[in-house]
J.: 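Below you will find the structure I want to go over with you.
Positions are given from 1, in the same order as the sequence printed here. Values in this document were obtained by computation on a predicted structure and should not be read as measured data. For the numbers below, each heavy atom of this structure counts, side chains included, while hydrogens, waters and symmetry mates do not.
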Amino acid sequence: MNQRAFMQAFDAVAFDAFSAAGVADAAHYKDPGGTVEVPCTVLLDEAVEQFTPDDVAPIATTVDRVTLQLAEINPRAGGVVRIEGTGRRLKLVQKIHADESTAVWEVANV
């Protein structure tokens, strides 16, 4: 098993545990301009404080972000995530971080 496969298998187990604990959400993802929604699991972090390392006098701003499993979907800027439990729709604005298994995106309400 290579590192990518290991990370994706590990994250799948972790996301399942997070779902069982009520931390992760069942969702659907739709590509920009697409019509097909693909089931996925997301971790939604709301009102995350953002600082930049170059700030002389840092003032926090807040953003919402989601963590997505790349084994489930291939997210792109402009894609929309719909949270099943609430119906909330979130547009992927900017990728913050990604590895071979997950991607963290800043999102905005649609």
Side-chain angles (χ1 to χ4, degrees):
M1 176 181 286
N2 64 26
Q3 181 178 359
R4 179 181 184 162
F6 172 80
M7 290 175 65
Q8 288 183 350
F10 177 86
D11 283 336
V13 170
F15 272 64
D16 285 345
F18 294 149
S19 291
V23 178
D25 294 299
H28 286 83
Y29 171 78
K30 183 169 60 170
D31 278 327
T35 57
V36 177
E37 289 189 330
V38 178
C40 61
T41 310
V42 301
L43 299 174
L44 173 61
D45 296 311
E46 299 176 289
V48 177
E49 291 187 356
Q50 294 285 105
F51 294 94
T52 60
D54 300 326
D55 288 342
V56 176
I59 299 173
T61 60
T62 60
V63 297
D64 293 344
R65 64 186 186 191
V66 294
T67 303
L68 306 158
Q69 293 184 82
L70 300 179
E72 294 179 336
I73 60 170
N74 183 20
R76 297 184 359 215
V80 175
V81 172
R82 180 178 53 81
I83 308 294
E84 279 188 18
T86 62
R88 184 173 177 192
R89 294 169 30 93
L90 303 164
K91 183 177 184 177
L92 303 182
V93 176
Q94 179 178 338
K95 187 180 347 178
I96 298 169
H97 169 76
D99 58 27
E100 294 198 7
S101 179
T102 62
V104 180
W105 284 79
E106 179 182 332
V107 294
N109 289 317
V110 177

J.: For Y29 and V42: C-alpha separation, side-chain torsions, deciding distance, then whether side chain to side chain contact (heavy atoms under 4.5 Å, CB included) applies.
T.: CA-CA 10 Å; Y29 171 78; V42 301; over 6 Å; no
J.: Do L43 and V38 share a hydrophobic cluster (ILVMFWY, side-chain heavy atoms under 4.5 Å, transitive)?
T.: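 No.
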J.: Hey, is the main chain of A47 close enough, under 3.5 Å, to the side chain of D64 for a donor-acceptor pair?
T.: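 Side chain of D64 to backbone of A47: a pair is present.
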J.: Looking at CG of D25 and CZ of R82, how far apart are the two atoms once the value is rounded to the nearest 0.5 Å?
T.: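 The distance works out to 12.0 Å.
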J.: Linking Ile, Leu, Val, Met, Phe, Trp and Tyr by side-chain heavy atoms under 4.5 Å, what else ends up with I96?
T.: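 Reading the cluster by chain and number, I96 sits alongside V104.
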J.: Please tell me whether V23 and F15 are part of a single hydrophobic cluster in this structure, the criterion being side-chain heavy atoms less than 4.5 Å apart.
T.: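 Yes, same cluster.
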J.: Can you tell me how far apart SG (C40) and CD1 (I83) are? Round to the nearest 0.5 Å.
T.: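 Nearest 0.5 Å value for the SG-CD1 distance: 7.5 Å.
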J.: Look only at the side chain of E72 and the backbone of T41, and say whether a donor-acceptor pair between them is shorter than 3.5 Å.
T.: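 Checking the backbone N and O of T41 against the side chain of E72, a donor-acceptor pair under 3.5 Å is found.
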J.: Does atom CD (E46) have a neighbourhood of more than 12 heavy atoms from anything else shown, all under 6.0 Å?
T.: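 More than 12 within 6.0 Å, yes.
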J.: About how many Å separate CG of D99 and CD of Q8, when rounded to the nearest 0.5 Å?
T.: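 Atom-to-atom, Q8:CD and D99:CG are 9.0 Å apart.
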J.: In Å and rounded to the nearest 0.5 Å, what is the CZ to OG distance from R4 to S101?
T.: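 Answer rounded to 0.5 Å: 9.0 Å.
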J.: When you compare the side chain of I73 with that of D31, does any pair of heavy atoms fall below 4.5 Å?
T.: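 No, side chains not in contact.
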J.: Pair K30, V81 - check side chain to side chain contact (heavy atoms under 4.5 Å, CB included), show working.
T.: CA-CA 7 Å; K30 183 169 60 170; V81 172; over 6 Å; no
J.: Which residues pass the side-chain contact (heavy atoms from CB on, under 4.5 Å) test with V110, sequence neighbours left out?
T.: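 Counting only residues at least two positions away or on another chain, V110 forms a side-chain contact (heavy atoms from CB on, under 4.5 Å) with V80, R89, K91.
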J.: Looking at CZ of R65 and CD of E106, how far apart are the two atoms once the value is rounded to the nearest 0.5 Å?
T.: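 So the CZ of R65 and the CD of E106 are separated by 10.0 Å.
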J.: What's the spacing between K95 NZ and R76 CZ if we round to 0.5 Å?
T.: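 The NZ atom of K95 sits 12.0 Å away from the CZ atom of R76.
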J.: Could you see if L70 belongs to whatever hydrophobic cluster contains L92? Use Ile, Leu, Val, Met, Phe, Trp, Tyr and a side-chain cutoff under 4.5 Å.
T.: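 They do not share one cluster, since no chain of ILVMFWY contacts under 4.5 Å joins L70 to L92.
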J.: Does any non-hydrogen side-chain atom of P75 lie less than 4.5 Å from one of V66?
T.: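 They are not in contact (no side-chain heavy atoms under 4.5 Å apart), so the answer is no.
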J.: Any non-hydrogen side-chain atom of W105 less than 4.5 Å from a side-chain atom of V93?
T.: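 The answer is no; the side chains never approach within 4.5 Å.
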J.: Quiz question: by atom type and distance under 3.5 Å, do the side chains of T102 and D11 form a donor-acceptor pair?
T.: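 Result is no, nothing qualifies.
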J.: Determine whether T67 and H97 make a side-chain contact, defined as any pair of heavy atoms from C-beta on separated by less than 4.5 Å.
T.: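 No, their side chains stay 4.5 Å or more apart.
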